[in-house]
**Q** 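The structure's right below; bear with me while I get my questions together.
All chains are named by letter (A, B, ...) in the order of the sequence lines, taking the proteins before the strands, and each is independently numbered beginning at 1. Since the structure is predicted, the reported quantities are computational estimates derived from the model, not experimental observations.
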2 protein chains.
Amino acid sequence: MNLSQIELLRILQETNFSLSKAAEKMNIVQSAVSRQLQLFEGEIGSPLFERHGKKLTAMTPLGLRIIEEVNAINQAKNNIQALAADYLDSNHGVLHIATTHTQAKYFLPKPILRFREKYPGVRIYMDEASPEQLINKLHTGKADIAICTEKVADDVYLAVKSCYEWHHAAIMPKNHPLADGEVTLERLASFSILTYSFGFTGRSNIEKAFEKSESKLDIVLSAADTDVIKTYVRLGLGVGIIAGMAYDATIDSDLVARDLSHLIPCSKTKIAYLKNNYLPLYGQHFIDELLQAVSKGNL
Amino acid sequence: MNLSQIELLRILQETNFSLSKAAEKMNIVQSAVSRQLQLFEGEIGSPLFERHGKKLTAMTPLGLRIIEEVNAINQAKNNIQALAADYLDSNHGVLHIATTHTQAKYFLPKPILRFREKYPGVRIYMDEASPEQLINKLHTGKADIAICTEKVADDVYLAVKSCYEWHHAAIMPKNHPLADGEVTLERLASFSILTYSFGFTGRSNIEKAFEKSESKLDIVLSAADTDVIKTYVRLGLGVGIIAGMAYDATIDSDLVARDLSHLIPCSKTKIAYLKNNYLPLYGQHFIDELLQAVSKGNL
DNA sequence: GGATTTTACGCATTTCGTAAGTATT
DNA sequence: AATACTTACGAAATGCGTAAAATCC
């Protein structure tokens, strides 16, 4: 058993068990990969992959169990390298942030700007994805930190911290009837609604608000992206329900925003990361700042 | 970075940072070990060991942090090997049980006998140690399962299950005054007492019982070992307070046992093992049987 | 001066790459 | 026929062992 065999197993997960693709990723010839897998399976004494003829199609139960340990080894190996790099120079590196569009555009800009000032040597990768994909990106090492509003699955490998509480708002053109008077669930429900897709940006809280109510929302358009919602609200398709922070009085001066905090429960933006994943110091600082800045209202 | 370098780091922890002893343990020459360590530190880019001249004396902060990851890798590597061996033949192997004398002699015999019948191919290593050493044996891989009564430290890496509740008993020669009449804390305290050492076999519960009481125990002899206590009780040194199950009506017919369940809180024998450590199937069965057998009174 | 670690160099082993062979779709 | 995996063999790289030098106590 050696580390390149472990690495090979990890990569085979990603390449749909293709030896040739794995070889390419590892920058060695395919025959070498084939032999290394044989050697490893020989050492284990049992096949780790189901085969249709020569082609690998799936993992055996033993293989699946062993892959868990393989992933643990890979995680630890990456941590060692990250620790070493961080120790040599804790001001340079990369930070992969996976988040949703709304957080990326309306919550993170200021924190990231402050972070850039402190760590100009850190390259930031912003990775947009749906909330359910975010966790997967953490597990596959494609992201260091995930930031989103919707519930992150109960996962013992995950650390989750709440960092920001916000409310939804209704937006509409200036001359819209809902721009004046009291906003109630019933009244809101009397208009065509545009809001986030299922699983995005507190959509579950919108559902919750109308769960007990007699009124039902007529959602004519749902999108993952606040800007898409705004666009169609401007075209007169109806009333948008968006995250309060996504309304910008300057840019959106043609729209009216009405607070919905009395109608829809408050949403919490959360930070999640793998407990087992070593985060460089600047990554830890980024999280700390996010937690503190929010509590100080420094947004 | 490769697995033998990882193994080297693990072994250096055990050899007090001696390269020559590490080489011996790894069955290679010392110069090879020296070079591998240099290569690894070179790859990391920073020293992992403090040195007085050439001699290694301690680990650097970075080294200490990296050792955690090294241990995780070793654990996973061992798990892979255990998984493979278990899959090939789940009826053969070894089981390291670390426990205290009292559990080994008075609690475990029947469960282990039953286990032997089911798994004649499994070699059992019983390792006697003090309760505080037990956990250490788990962490260093010297034991798979630890069984003891005293509290096991709060340790996120540890799984702990209660498997058996028992009470203490007082033992004394047949003609002893305490052999008749009611047993109270005050009366018990009026005699010289022999019992377990601190940290052994529910000693903490004995302390607890007398904590609130006016009476104080006059402990003239304490031992880790029930048999030592019995021996000196027979010699007339005083009254022994031992685990109830350690009194055998046949063998100890020259002694009288008096139940103390109304005076001393009940003690719980616990099973502990590392969450991250793969236990062969027979090991998992051993634990399951222990938990079930006790609940069925099948002792 | 004895024990321990480092350095130098040749040899053994491992692993890769090329190329040809075999199987699968 | 094209794609994907396996086998065979020579070449490169890696790592060990022996031996000698350096350093510590």
**Q** Taking five pairs at each end of the helix from C:dG1-D:dC25 to C:dT25-D:dA1, what angle separates the two helix axes (nearest 10°)?
**A**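 Between the axes fitted at each end of the helix from C:dG1-D:dC25 to C:dT25-D:dA1 lies an angle of 40°.
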**Q** Pairs under 3.5 angstrom only: tabulate donor-acceptor contacts from the side chains of residues 275-283 of chain A to other protein residues two or more places apart or in another chain.
**A**
| from | atom 1 | to | atom 2 | distance (Å) |
| --- | --- | --- | --- | --- |
| A:Lys275 | NZ | A:Val156 | O | 3.0 |
| A:Asn277 | OD1 | A:Gln75 | NE2 | 3.0 |
| A:Tyr278 | OH | A:Asp86 | OD2 | 2.6 |
| A:Tyr282 | OH | A:Val94 | N | 3.0 |
| A:Tyr282 | OH | A:Val94 | O | 2.9 |

**Q** What integer distance in Å separates A:Leu12:CG from D:dA4:P?
**A**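 Computing the A:Leu12:CG to D:dA4:P distance gives 14 Å.
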**Q** Report the distance from atom CZ of A:Arg51 to atom C1' of D:dA4, rounded to the nearest whole Å.
**A**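 These atoms are roughly 13 Å apart.
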**Q** Which residues pass the ring-ring contact (aromatic ring centres under 6.0 Å, His included) test with B:His101, sequence neighbours left out?
**A**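 Testing B:His101 for ring-ring contact (aromatic ring centres under 6.0 Å, His included), a comparison that skips the adjacent residues, returns none.
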**Q** Can you measure B:Met1 atom CE to D:dT14 atom P for me and round it to whole angstrom units?
**A** 16 Å
**Q** Between side-chain atoms of residues 27-36 of chain A and protein atoms elsewhere (two or more places apart, or another chain), which donor-acceptor pairs fall under 3.5 Å?
**A**
| from | atom 1 | to | atom 2 | distance (Å) |
| --- | --- | --- | --- | --- |
| A:Gln36 | OE1 | A:Gln5 | NE2 | 2.9 |

**Q** Under 4.0 Å from any heavy atom of chain A: name the first and the last nucleotide of DNA chain C that qualifies, 5' to 3'.
**A** C:dT15 to C:dT24
**Q** Just by protein heavy atoms under 4.0 Å, how would nucleotides 18-25 of chain D read 5' to 3' in B, S and -?
**A** BB--BSS-
**Q** Just jot down the ring-ring contact (aromatic ring centres under 6.0 Å, His included) partners of B:Phe200, sequence neighbours excluded, or say none.
**A** none
**Q** Going by the rule salt bridge (Lys or Arg N to Asp or Glu O under 4.0 Å), which residues pair with A:Glu150 if we only count those two or more places apart in sequence or in a different chain?
**A** none
**Q** Using whole Å, report how far CG of A:Leu39 lies from C1' of D:dT7.
**A** 13 Å
**Q** Using a 4.0 Å heavy-atom cut-off, does A:Phe49 contact any base of the nucleic acid, only the sugar-phosphate backbone, or nothing at all?
**A**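 No contact.
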**Q** For B:Lys118, enumerate each residue passing the salt bridge (Lys or Arg N to Asp or Glu O under 4.0 Å) test, keeping only those at least two apart in sequence or located in another chain.
**A** B:Glu289
**Q** Tell me whether A:Gln103 contacts the main-chain N or O of A:Thr100 through its side chain, where contact means a donor paired with an acceptor under 3.5 Å.
**A**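 No, A:Gln103 side chain to A:Thr100 backbone: no donor-acceptor pair under 3.5 Å.
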**Q** Pick the closest DNA chain C nucleotide for A:Val33 and for B:Ser18 by heavy atoms, then say which residue is nearer the 5' end.
**A** B:Ser18
**Q** Whole-Å distance between D:dC5 P and A:Glu24 CD?
**A** 12 Å
**Q** Using atom CG of A:Leu19 as one end and atom C1' of D:dT6 as the other, report the distance to the nearest whole Å.
**A** 10 Å
**Q** Go through the structure and list residues passing salt bridge (Lys or Arg N to Asp or Glu O under 4.0 Å) with A:Asp155, not counting sequence neighbours.
**A** none
**Q** Roughly, in whole Å, what's the span from CD in A:Gln36 to P in D:dT6?
**A**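 Whole-Å distance recorded here is 13 Å.
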**Q** The criterion is side-chain hydrogen bond (donor to acceptor under 3.5 Å, both in side chains); which residues satisfy it with A:Glu24, sequence neighbours excluded?
**A** none
**Q** Please state whether the phosphate of D:dG15, meaning OP1 or OP2, lies under 4.0 angstrom from any side-chain nitrogen or oxygen of B:Asn2.
**A** yes
**Q** So B:Phe17 and B:Phe49, would you call those rings parallel, tilted or perpendicular, with 30° and 60° as cut-offs?
**A**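 B:Phe17 vs B:Phe49 ring planes: perpendicular.
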**Q** Quickly work out the B:Phe40 CZ to D:dT14 C1' distance and round it to whole Å.
**A**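 B:Phe40 atom CZ is separated from D:dT14 atom C1' by 17 Å.
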**Q** What pairs with B:Thr57 under side-chain contact (heavy atoms from CB on, under 4.5 Å), at least two apart in sequence or on another chain?
**A** B:Glu50, B:His52
